[in-house]
Amino acid sequence: MASILIKDTTREQREKIVAESIGNISGSCDGCMAGLADMYQDYIDGKKEIREINMEFRAHYESGVDGPEKISCARE
C-alpha cells in the first residue's frame with residue numbers, strides 16, 4: 001500500500017484518495033456525503049493529515065459525560 005501522507009502525495013492524488021474512500025458523493029440524496037467530503041478539504045489542501053481529521057471528528061462523539069462526578073471529601 002502506498003503512503004497517503006501529505007508529504008508523499010500531490011493534491012491530485014489526495015483528491016483521488018478522498019473520492020475513492022468516500023464513494024459517490026453526488027449519489028446521496030440527504031446531503032450528508034457532501035459535508036463528509038468537506039471534512040477532508042484540509043487534507044486535500046495539505047493542511048492536516050487524514051489521521052488528524054479523523055481524530056478531531058471522533059472527539060465530537062464523546063459519551064456526554066464530562067468526567068467522573070466529584071464527590072465531596074467533607075463528612076457530614
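For the single chain, residues carry numbers from 1 onward in sequence order. All values below were derived from every heavy atom in this structure, side-chain atoms included, with hydrogens, water molecules and symmetry-related copies excluded.
Of the possible donor and acceptor atoms, none in the side chain of E20 sits under 3.5 Å from a partner among the backbone N and O of I17. Remark: side-chain polar atoms of E15 are not paired, donor with acceptor, to backbone N or O of I44 under 3.5 angstrom.
You'll find the side chain of K48 reaches within 4.5 Å of the side chain of E56, heavy atoms only. No side-chain heavy atom of T10 sits less than 4.5 Å from a side-chain heavy atom of R14. With a 4.5 Å cut-off on side-chain heavy atoms, M55 and R51 count as touching.
Hydrophobic clustering places V18 together with F57 (ILVMFWY residues linked when any side-chain heavy atoms are closer than 4.5 Å, directly or through intermediates).
When all heavy atoms of T9 and S3 are compared, the pair lying nearest together is CG2-O, 3.6 Å.
A donor-acceptor contact under 3.5 angstrom links the side chains of N54 and Y40, judged on distance only.
I53 CD1 to Y43 OH: the interatomic distance, rounded to the nearest 0.5 Å, is 9.0 Å.
The number of heavy-atom neighbours closer than 6.0 Å to CZ of R11, taken from other residues, nucleotides and ligands shown, is above 12.
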